[in-house]
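In what follows, every chain begins at residue 1, and chains take the letters A, B, ... in the order their sequences are listed.
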Amino acid sequence: MKATSLIKVKSLQNSKLWLLGIGAATSAIILTLTWKSGDVAQAGMSILFLLAVASLLGEKQQKLNLESGLFPSLVGGLLLATLLWQSTTFKSNDSLEIFVRVSPFLGGLAISLLASGFQGFKQYWQELTILFFLGIPKLVLSSLFDLSPLTAKFSAFLLWYFGFDVSLQGVFINLPTGSVKVYAACSGIESICYLLGIAVICLFVFPMERKQIPIVSIVAIALAFIINGIRISLLAVMSANRNLQAFNYWHEGDGSLLFGIIQVIVFVCFYLFLLWQQERKNQNSPQVKK
Amino acid sequence: MLWWQKFRISFLAIIFSSIFLTLVKVSLTTNLGEKPKSQEDSGRVVMLFEQESITN
């Protein structure tokens with residue numbers, strides 16, 4: 001009986017367990033708010049990215065230095081307190097969207113300061129990079145430029161290539177019997193950022209040669225843009241055929257999420273191919289030397 | 001800084017309790033900000049492609 005209570009008290013004095021609890025509870029808050037915001041794609045990606053972070057931390061848990069000083073702990077605590085305050089006081093849907101995209105990175109930053117201070121900060125650079133790609137690039141890029149004219153141009157080109165009588169007016173794709181307008185948020189910038197994030201996860205979890213990194217990033221961006229362009233072309237055809245039910249399914253319904261799944265599957269296949277090629281090269285190289 | 005090593009566990013425990021209480025509050029809260037006025041405001045990719053007719 002005494003031994004059991006001693007073990008319990010010793011466990012409570014272990015900072016690792018408290019940090020694990022802080023990380024899990026912060027993730028739960030972020031996931032709850034993301035789910036409640038109605039952004040299913042962001043919620044799914046958040047689960048995937050957080051699992052990747054947990055997996056990376058699990059692999060190196062024995063090597064981590066969990067010593068932190070007073071000042072970094074105070075900074076980390078203050079950062080977490082700000083996040084907690086923000087999570088309970090939303091004035092508009094826009095601020096909620098910003099919160100669900102920025103909070104994973106800021107939360108990770110705060111917890112790494114609490115765990116290892118400023119000196120041990122670099123231990124978590126991979127995890128922080130993954131959390132950064134979960135939402136911040138989309139916010140920054142969409143405020144910097146609008147990709148929709150380029151997306152509209154590419155979709156119109158695809159339609160022209162397949163023999164449709166199409167004309168383009170800025171972001172409007174006109175077919176003889178109907179037209180569609182490509183809004184900024186439908187330009188594919190979100191898909192590009194998500195796929196770039198998945199590329200980062202792949203590169204950290206299944207490392208590749210340094211020279212392959214730019215190729216992987218460019219393929220991720222190109223795949224997201226092209227598949228989104230195909231989706232816009234299909235929507236334009238459905239709109240021209242006055243097939244509103246199909247249009248809504250592929251635009252707002254489950255069909256719209258299907259394109260995201262296709263993007264991820266195609267990218268993962270490409271990455272597996274690169275890994276297979278690298279493995280084959282590694283297997284062949286010692287034989288050549290012999 | 002031995003006092004800090006002793007105090008650190010209490011500090012982490014306080015932070016954990018605050019986060020846990022916030023999690024309970026967030027889970028029970030249903031009203032999150034104002035609803036978007038139009039599809040364009042919602043911020044969802046799937047909601048932002050609007051069918052429009054054009055008169056040339």
### Query
Checking B/F16 against chain A: side chain, backbone, both or neither under 4.5 Å from a heavy atom?
both
### Message
Between A/L80 and chain B, with a heavy-atom cut-off of 4.5 Å, which part of the residue counts as in contact: side chain, backbone, both or neither?
### Response
side chain
### Task
Working to the nearest 0.5 Å, report the span between OG1 of A/T88 and CG of B/L21.
11.5 Å
### Task
Could you grab the distance from atom CH2 of A/W85 to atom OG of B/S18, nearest 0.5 Å is fine?
13.5 Å
### Task
Identify the heavy atoms of B/V26 and A/S87 that sit nearest to each other, and give their distance.
CG2-O, 3.8 Å
### Query
Has B/F20 got more than 12 heavy atoms of other residues, nucleotides or ligands less than 6.0 Å from its CZ?
no
### Task
Verify the neighbour count for atom CZ of A/F71: are there more than 12 heavy atoms of other residues, nucleotides or ligands below 6.0 Å?
no
### Message
Within this structure, what is the OG-CD1 distance for the pair A/S73 and B/I15, rounded to the nearest 0.5 Å?
### Response
7.5 Å
### Task
Specify which of A/S142, A/G76, A/S68 makes the most heavy-atom pairs with chain B at under 4.5 Å.
A/S68
#### Entry: Heavy-atom donor-acceptor pair, B/R8 side chain to A/L114 backbone, under 3.5 Å
yes
### Message
As an exercise, state the distance from CG of B/L12 to CG of A/L20, rounded to the nearest 0.5 Å.
### Response
12.0 Å
### Query
How far does OG1 of B/T22 sit from CD1 of A/I29, to the nearest 0.5 angstrom?
5.0 Å
### Task
Please name all residues satisfying side chain to side chain donor-acceptor pair (under 3.5 Å) with A/T26, sequence neighbours left out, ordered by chain then number.
none
### Query
chain B heavy atoms under 4.5 Å from A/Q42: which part of the residue, side chain, backbone, both or neither?
neither
### Message
Do B/F11 and A/L74 have side chains that approach each other closer than 4.5 Å (heavy atoms only, starting at C-beta)?
### Response
yes
### Task
Answer yes or no: is there a donor N or O on one side and an acceptor on the other, between the side chain of A/K36 and the main chain of B/S27, under 3.5 Å?
yes
